[in-house]
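Read the structure below first, then the notes.
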Protein chains: 2
Amino acid sequence: MISLAAADLEADDVVRAAIELLNEEGFDAVSMRRVAARLGVSPVPLYSRVGNKDDLLDAVADRLLADLVPAELGHAHWADCVGQWARALHERLRSVPDSRLVLRTRRWAFVDASRPLIDALRAGGFTEPEAVRACRLVMWSVIGFVTVESASLAERRGGHRSPSVPGGDPAGVDQADADALFEQQLRYLIAGLTADHPTDLSKFGI
Amino acid sequence: MISLAAADLEADDVVRAAIELLNEEGFDAVSMRRVAARLGVSPVPLYSRVGNKDDLLDAVADRLLADLVPAELGHAHWADCVGQWARALHERLRSVPDSRLVLRTRRWAFVDASRPLIDALRAGGFTEPEAVRACRLVMWSVIGFVTVESASLAERRGGHRSPSVPGGDPAGVDQADADALFEQQLRYLIAGLTADHPTDLSKFGI
DNA sequence: ACCTGAACACCGTTCAAGT
DNA sequence: ACCTGAACACCGTTCAAGT
């Protein structure tokens, strides 16, 4: 709070103010004008710091999704690493205050996040392209899951209660349903990868 | 073109005009004012026809995603029905001009779409709750896939070429990669459901 | 009743002074 | 150079006349 001045404004401050606004008042409250006001500055200087609004939102997404997953996955079996990695990514993406930011996340953030899993898969006997494909499959599944999950839970909170379709409503889910669904999907993916992967049979003396 | 008058305006006309605008100029061009202008009307009467902008977008999504899948899936083995249904849904969702509308689709549209698959699963020996869970799993996977796919392909079209990470970029995919990924995911889901489902062994005289 | 024009309270972005 | 106030071209939504 030493500098109430306006001249020494960093791109970092702008992104931070935007994130504060996001957390306090939601995605739609993040506007160039309101971010500027929060910084006690006119909107103009923001444009020289962060580009335009689109760029600012990209920067917010980059910040919120840096260090997506722990850099190390230990030395468990690759299948366990997949599970661990997918759950960590799921947890992390779910913590983002608005799923519209998840879809904005730029490629490189996911490339970074992929590295530990790809290492684990390579250690498990996957070739590089096999590891990349497997990682991509799991990553897309997790990201897709999070977006559907948040849209689904958001609709549930919104008004119109459906009259509880007998037999279960395929889309009306609560948090527990969603968690179970995630685990089931993950189990199937791991089983599929295991079936496709030439298991290291030498361990069993074959 | 008989009635250039403004009084007899139906909700249907508003939704249709919004869809035309969407197709011609994209999601961001759809505004209450521009839809009204296209109808030769002030913005005011729109509010009595379709509610507010949010409601209008919901109505657009409902219209674009009515009849999501063919009502009949034939009498193939349930596993083939899952594949057929998932591919039809994928194709259909991909044809929506903006994936932001896919996430707006209301529950009931998906409930409708679920019916033929649930019937096929029941015919294949699934109990009602099992069928609902299986359908939900596949549906979430497909919807999630489409949203990630469209974000991913959109980013590719946008500016910054990445310097082609050696070993393959886990997120930088083209249409062929995406299609292969979809088929792989679908294959794993079907295999997983098959493994979990108590196969009708009586057919084999067991 | 139901429309229109005008208004209100916002946007993103840029221009023209000001220091 | 780099800020601010004002402006421009839009929004969604509502109000106050008008017919």
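In what follows, chains are A, B, ... by sequence order, proteins preceding strands, each numbered from 1.
- Donor-acceptor pairing under 3.5 Å is lacking for the side chains of D80(B) and Q84(B).
- Between the C1' atoms of dA7(C) and dC11(D), the separation comes to 14 Å (whole Å).
- Taking atom CG of residue L9(A) and atom P of nucleotide dC3(D), one finds them 8 Å apart after rounding to whole Å.
- Rounded to whole Å, the distance from CG on L56(B) to P on dG12(D) is 10 Å.
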Working for side-chain contact (heavy atoms from CB on, under 4.5 Å), residues E20(A) and V15(A): CA-CA 9 Å; E20(A) 287 168 13; V15(A) 175; over 6 Å; no
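- With a 3.5 Å limit on both pairing distances and Watson-Crick or G-U wobble geometry required, the stems of 3 or more pairs in DNA chain C span C:4-8 with D:12-16, C:12-16 with D:4-8.
- Side chain to side chain, T147(B) and S99(B) fail the donor-acceptor criterion of an N or O pair below 3.5 Å.
- Taking only side-chain nitrogens and oxygens, S31(A) comes nearer than 4.0 Å to OP1 or OP2 of dG12(C).
- Taking atom C1' on both dC2(D) and dA16(C), the two are 14 Å apart, rounded to the nearest angstrom.
- The interatomic distance linking R34(A) (CZ) with dC10(C) (C1') rounds to 11 Å, in whole Å.
- As judged by a 4.0 angstrom heavy-atom cut-off over every strand, S42(B) is placed among the base-contacting residues.
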R38(A) and D13(A): CA distance, side-chain angles, deciding distance, salt bridge (Lys or Arg N to Asp or Glu O under 4.0 Å) verdict: CA-CA 10 Å; R38(A) 173 176 273 265; D13(A) 302 321; over 6 Å; no
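- For E24(A), the CD atom sits in a packed shell: over 12 heavy atoms of surrounding residues, nucleotides or ligands are nearer than 6.0 Å.
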Polar atoms only, N or O, under 3.5 Å: list the protein pairs with nucleotides 13-15 of chain D and their distances.
unit_1: dT13(D); atom_1: OP2; unit_2: Y47(B); atom_2: OH; d: 3.2
unit_1: dT13(D); atom_1: OP2; unit_2: K53(B); atom_2: N; d: 3.0

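- By the 4.0 Å N-to-carboxylate-O rule, D12(A) lies too far from R49(A) to be salt-bridged with it.
- Partners of F182(B) according to the ring-ring contact (aromatic ring centres under 6.0 Å, His included) rule, which considers only residues two or more places apart in sequence or in another chain, are H90(B), F145(B).
- In this structure, the CG atom of L46(A) is 14 Å from the C1' atom of dT4(D), given to the nearest Å.
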Worked check of salt bridge (Lys or Arg N to Asp or Glu O under 4.0 Å) between R34(A) and E25(A): CA-CA 11 Å; R34(A) 294 201 57 183; E25(A) 307 197 45; 2.7 Å; yes
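- Contact between the side-chain N/O atoms of R49(A) and the OP1/OP2 oxygens of dC2(D) is not found at any separation under 4.0 Å.
- For the pair R92(A) (side chain) and L64(A) (backbone), a donor-acceptor distance under 3.5 Å is present.
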